[in-house]
Amino acid sequence: MKEIVTIQVGDYANYIGSHFWNFQDELIGLAGDPQADSVFKNQDLNMDVLYRTGETHQGIDTYTPRLVSINMRGSLGSMSSRGTLYKEVAPTTSDVFTWTGSVSTQASEPREKNLFLRSLYEEESQNMVNEISGSHSGSPSEYEDKDITESLENGVQFWTDYSKVHFHPQSLYELNGVWTDVEEFDNYGIGRDSFSWASHGEEISDRLRFFVEECDHVQGFQFVVDDSGGFSSVGAEFLENIVDEYTNTPVLLYAARGSGSRASLQTRKRTILVELHDAISFSRLSSYSKLIVPVGLPSLGRASKFLHIEDEKHYHSSAVYAAALHSISLPFRMLPVGPTADACSVSGAVDFHGLIQMLSGQGRQNMVSILDVSMPTPALTGGQNEVSLLENFQPLTPMISEDGEDIHAIEHLTVHGAFASEGRRATVCEVKDSLDAAFERANTRPMFHHLSVALCPLPIPLPFPSIFGNQVGKHGEMISSQLTNSSSKGSLDVHSIPMAARLRSSSAVLPLLENKLQNLHRYGITRGAAGAELLSSWGFGKEELVEMQEMLSKMVATLCPPQSSSDSD
């Protein structure tokens with residue numbers, strides 16, 4: 001088995017991760033639920049790729065994500081940094097002998113659990129009682145699902161508020177001295193000043209080592225970092241350590257930021273700070289990964305005509321990015337199949353190394369990929385949606401070109417849970433034939449594409465936000481009749497959806513790269529640059545900045561079409 005270790009660095013990365021792990025938890029639960037839809041019974045997915053088995057001190061079996069999560073102290077809300085499966089360790093008296101006076105301890109009151117977490121605790125307590133007694137009955141819950149979903153819509157303050165997953169005590173790491181309600185942790189320099197690998201690094205490395213060393217063969221690190229502020233610096237330090245210690249293990253890096261996370265830039269000084277942060281952050285992060293995927297639109301309004309997203313809510317926008325990451329991750333854990341592909345539930349398995357080689361190791365060797373999503377993806381044929389699945393993809397990567405043909409493009413697509421027509425799920429072969437036909441009809445097509453297919457749709461857990469339009473049905477099918485009620489739907493009305501996601505290596509990402517390069521040169525390197533002093537305060541010298549500029553220039557040159565020379569004098 002080839003395991004994946006997931007790393008989440010920063011607040012928004014953990015918002016995405018919380019939804020991502022909720023999807024996995026839901027899949028595990030549905031696979032063992034006798035009353036669940038049969039499509040979830042035989043998923044042909046090996047969840048051990050993402051999860052580890054263990055045992056508490058009381059001898060209770062555990063199944064927890066193979067995860068290291070890093071965030072500010074105070075960012076876990078009502079959750080303990082040791083998770084919920086293991087007993088709390090009582091704080092010990094400090095062994096300091098240089099002070100003979102009295103010692104007082106300041107402790108904050110633990111946050112009260114919200115309605116969802118209280119209902120979760122009640123359900124798990126009832127299940128434990130039933131397991132001990134051998135009974136399958138239970139008292140009715142005092143919490144209504146409708147009340148729970150409504151309370152989450154307007155009450156999420158932390159990513160843990162909607163997390164239904166148990167974490168291992170080694171998973172959740174809070175940075176001492178960095179508090180969510182004190183620091184404006186909003187740029188690379190603050191992150192560099194606040195975080196020292198010398199003081200935090202060894203413990204973080206030990207936590208990662210704990211998960212890596214129990215693996216048979218790690219296929220790679222799935223690394224999600226909030227690159228909108230100081231955590232991009234923390235992520236870069238962590239990545240540098242990973243590259244040094246795990247030289248031959250590839251890193252798939254998602255550099256993510258929340259929608260609307262950048263307010264309108266009101267001053268020139270603020271504009272320069274933000275533009276330099278973005279250029280430095282991208283340069284530093286990309287230098288330590290095999291494949292980087294920038295994720296985070298200013299607004300998700302165009303992400304899908306079937307979604308209604310409130311951009312200011314991280315709880316909303318992170319759900320879309322998490323769904324796309326889930327889809328992209330499916331081929332990494334597909335079980336091997338025989339020659340009778342039509343009879344099985346999956347096709348097109350690929351591991352980390354294979355995907356990264358496919359997208360960045362061939363041809364131009366472009367290491368920056370674009371993430372696209374179709375959520376929910378319409379049926380392959382029939383009705384008002386008689387258009388190619390390819391035409392329904394919308395980018396989640398910012399600042400990309402939407403026109404222009406790239407004959408050297410390479411694409412990896414994952415489609416799962418698709419309908420052949422409204423109400424009937426497509427077989428693996430039907431999806432493959434439909435995509436082949438779509439590529440044949442397309443005006444532009446990539447040089448190479450790889451398709452992964454799974455029958456299992458995206459399950460919608462109870463704490464998923466109400467972001468579906470009223471034309472989305474219970475299983476993600478399109479309802480043709482126009483409904484008068486314009487309110488959005490959530491998990492009580494939509495139980496699963498068909499999904500498609502795509503990673504593509506394309507020159508369409510050139511505007512993003514050119515923007516980083518131009519801003520670094522204009523504000524940081526050129527003579528009399530307005531941001532030179534700022535970069536110096538962040539600890540960057542001229543030589544290091546020139547190296548970043550050269551790396552960005554190489555990225556741009558890799559994707560720029562060769563200029564045809566003129567024969568005229």
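Just so it is clear, the values below take in all heavy atoms, side chains as well, and ignore hydrogens, waters and symmetry mates.
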Could you pull out the closest heavy-atom pair between [X] and [Y], with the gap in Å?
X: Ser369; Y: Thr397; result: O-OG1, 4.2 Å
X: Pro395; Y: Asp372; result: CA-OD1, 3.1 Å
X: Gly417; Y: Arg425; result: O-NH1, 3.1 Å

Please check: side-chain N/O of [X] versus main-chain N/O of [Y], any donor-acceptor pairing under 3.5 Å?
X: Ser491; Y: Leu462; value: yes
X: Asp226; Y: Tyr12; value: yes
X: Arg207; Y: Gln170; value: yes
X: Ser259; Y: Leu297; value: yes

Is it true that, when you exclude [X] itself, more than 12 heavy atoms of the residues, nucleotides or ligands shown sit nearer than 6.0 Å to its [atom1]?
X: His353; atom1: NE2; result: no
X: Lys313; atom1: NZ; result: yes
X: Lys164; atom1: NZ; result: yes
X: Lys554; atom1: NZ; result: no

Name of the residue among Ile16, Val225, Ile328, Asp227 meeting side chain to side chain contact (heavy atoms under 4.5 Å, CB included) with Tyr254: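 For Tyr254, the side chain to side chain contact (heavy atoms under 4.5 Å, CB included) check succeeds only for Ile328.
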
Spacing of OG belonging to Ser329 relative to CG belonging to Leu50, to within rounding of 0.5 Å: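 Between Ser329 OG and Leu50 CG, I get 6.0 Å after rounding to 0.5 Å.
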
Gap between atom CH2 of Trp159 and atom OG of Ser75 - 0.5 Å precision: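 It is 7.5 Å, given to the nearest 0.5 Å.
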
For Phe221, the option from Phe238, Tyr246, Phe332 that meets ring-ring contact (aromatic ring centres under 6.0 Å, His included):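 The passing option is Tyr246.
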
From CA spacing to verdict: side chain to side chain donor-acceptor pair (under 3.5 Å), Arg333, Gln24: CA-CA 12 Å; Arg333 46 206 160 113; Gln24 314 318 314; 2.9 Å; yes

Flag for Ser505-Asn366: side-chain donor and acceptor within less than 3.5 Å: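 A pair is found: one side chain offers a donor N or O, the other an acceptor, under 3.5 Å apart.
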
Ring geometry between Tyr51 and Tyr63 (parallel below 30°, tilted from 30 to 60°, perpendicular above 60°):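 It falls in the parallel class, under 30°.
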
Centroid separation Tyr315 to His19 less than 6.0 Å: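 Ring centroids of Tyr315 and His19 are less than 6.0 Å from each other.
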
Non-neighbouring partners of Tyr15 that pass side-chain hydrogen bond (donor to acceptor under 3.5 Å, both in side chains), sequence neighbours left out: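 By the side-chain hydrogen bond (donor to acceptor under 3.5 Å, both in side chains) rule, Tyr15 matches no residue at all.
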
Side-chain polar contacts of residues 449-456 - donor-acceptor pairs under 3.5 angstrom, sequence neighbours left out - could you list them?
from	atom 1	to	atom 2	distance (Å)
His450	ND1	His412	ND1	3.2
Ser452	OG	Gly348	O	2.5

